[in-house]
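Structure first, then comments.
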Number of protein chains: 2
Amino acid sequence: MAVSEQGLTFSPEIEARLEKAARLCSEQGTTLTPLRREVLGLVLSSDQPIGAYALLDHLRRTRAGAAPPTVYRALDFLRERGFVHKVERLNAFVGCPSAADHVGHDHGHAVQFLICTRCGRVTETEDEAIIAAVAQAAERHGFRQMRATVEIEGLCRACAG
Amino acid sequence: MAVSEQGLTFSPEIEARLEKAARLCSEQGTTLTPLRREVLGLVLSSDQPIGAYALLDHLRRTRAGAAPPTVYRALDFLRERGFVHKVERLNAFVGCPSAADHVGHDHGHAVQFLICTRCGRVTETEDEAIIAAVAQAAERHGFRQMRATVEIEGLCRACAG
DNA sequence: CTCGCTCATGTTATAAGATAACATGTCCGG
DNA sequence: CCGGACATGTTATCTTATAACATGAGCGAG
């Protein structure tokens, strides 16, 4: 991650994802501004879920005046578009690995996280059986599902040994 | 809910559940102290998830010195034993309707909440298909699941119309 | 009986997460 | 040139949660 006059620069893979996100935004008539781009880049660069205030600390390297609303507004934008998800148990944010696939319309989807309590890493999955089971359970209760999250805590393969 | 010298008194149904909880605790060698009993009673008396600070406000009616740790410690105790669950999305707590059935060992279970964004009510379910799908997905990733929560947001039958 | 342990609670302070409310600036179309 | 939409800046505050240390009750071993 380098600092230039345009703001932060990220690894090539992440730059590619940022480009893609920028394209998706402009197709929707919105803008991935430099600020939003930086926040998304920071989230994607973290190998663990990252908290809003940790993002803020990073942001302040380039933006002296950054304050909580700065980062929360950017996160709101990114979450609305599915580029970023919040892991509720951790009050922290992760980049969506498949943001490009289901732009903006994954409501009703049951996003799933495998949260390792030892190493802190989180893997996002999209298991169809879970999605279907959740949808059916909701329907059985006469519940109109808008969105759902599944947060599974335990030990990842590496940590479980 | 009445106030007596022994602390709060709840409705007969809730008193019955408190008695049962007290019995389960003593079987485990722990104690449902008056404080814990009051907190559990307050959670069970709420028809919606209730926040820690709302509980604190109620507690202070009978316990002048109550402070955040007072309520958080009681909640920790109750959660460890499965009498109470936290709805992560709401930072609020609900009583477990089936606390008596699976005392203390429901780890690995995927607790499920149907959260109505309109009326704020939360229904807890234990859908076997979801539990199984979650367990299988975790296994497929070599993940040793300890616990899981499924939080489904949308409109309940009454609110969806 | 009394020392020392464990458990529960009290007490004070602070950390961590999130939002409200209002101000500023930029771009663009009429 | 004005006015509206949008993005960000700025200040203050609110909500949620925990750290750290103090007090006190109950109980078993010596």
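A donor-acceptor pair is defined here as one N or O able to donate and one able to accept, closer than 3.5 Å; such a pair exists between the side chain of B:Q112 and the backbone of B:A110. Judged by distance alone, the side chain of B:Q48 and the main-chain N or O of B:V94 form no donor-acceptor pair under 3.5 Å.
In this structure, A:R37 places its CZ atom 17 Å from P of D:dA7, rounding to the nearest Å. Distance B:D57 CG to D:dT16 P: 10 Å, rounded to the nearest Å. Distance A:R60 CZ to D:dG9 P: 12 Å, rounded to the nearest Å. In this structure, B:L35 atom CG and C:dT11 atom P are separated by 13 Å, rounded to whole Å. Per the geometry, CZ belonging to A:R89 stands 16 Å off C1' belonging to D:dA17, to the nearest Å. Taking atom CD of A:E38 as the reference point, atom P of D:dG9 lies 10 Å away to the nearest angstrom. The nearest whole Å value for the distance from the CG atom in B:L56 to the C1' atom in D:dT18 is 14 Å. For B:D76 and D:dA19, the CG to P distance is 10 Å, given to the nearest whole Å.
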Short N/O separations, protein against nucleotides 20-30 of chain C, under 3.5 angstrom:
none

Give every pair of a protein N or O atom and an N or O atom of nucleotides 15-17 of chain C that lie under 3.5 Å apart, one pair per line with the distance.
| unit_1 | atom_1 | unit_2 | atom_2 | d |
| --- | --- | --- | --- | --- |
| C:dG17 | N7 | A:Y53 | OH | 3.4 |

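Taking the C1' atoms of five terminal pairs at each end of the helix from C:dC1-D:dG30 to C:dG30-D:dC1, the two resulting helix axes are inclined by 10°, rounded to 10°.
We find the CZ-CG distance between A:R61 and A:L42 to be 8.0 Å, quoted to the nearest 0.5 Å. Taking NE2 of A:H109 as the reference point, atom CE of A:M146 lies at 14.5 Å (rounded to 0.5 Å). The CZ atom of A:R36 sits 10.5 Å away from atom CZ of A:F83, with the distance rounded to the nearest 0.5 Å.
Between B:S98 and B:E126, the side chains place a donor N or O and an acceptor N or O closer than 3.5 Å (distance only, hydrogens not considered).
Dashed line: the shortest gap from a side-chain N or O of A:T33 to OP1 or OP2 of D:dT8 is under 4.0 Å. Contact annotation: A:R63 does not reach the phosphate of D:dT8 (side-chain N/O to OP1 or OP2, under 4.0 Å).
Shown are A:D57, A:L44, A:V84, A:L55; of these, the side-chain contact (heavy atoms from CB on, under 4.5 Å) with A:I50 is made only by A:L55.
Annotation: salt bridge (Lys or Arg N to Asp or Glu O under 4.0 Å) contacts of A:R79 (sequence neighbours excluded): none. A search for salt bridge (Lys or Arg N to Asp or Glu O under 4.0 Å) contacts involving B:R60 returns nothing, not counting sequence neighbours.
In this structure, A:C25 and A:R81 approach most closely via the heavy-atom pair SG-CD, 4.3 Å.
Each of A:P68 and B:T31 was matched to the nucleotide of DNA chain C holding its nearest heavy atom; the match closer to the 5' end belongs to B:T31. Comparing A:A64 and A:F77 against DNA chain D, the residue whose closest nucleotide sits nearer the 5' end is A:F77.
In this structure, the nucleotide among D:dT18, D:dT10, C:dG10 sitting nearest to the side chain of A:T70 is D:dT10.
A salt bridge does not link B:E151 with A:R147: none of the charged nitrogens is closer than 4.0 Å to a carboxylate oxygen.
For residues 127-139 of chain B, the set of pairs meeting the side-chain hydrogen bond (donor to acceptor under 3.5 Å, both in side chains) definition, not counting sequence neighbours, comprises A:R140-B:D127.
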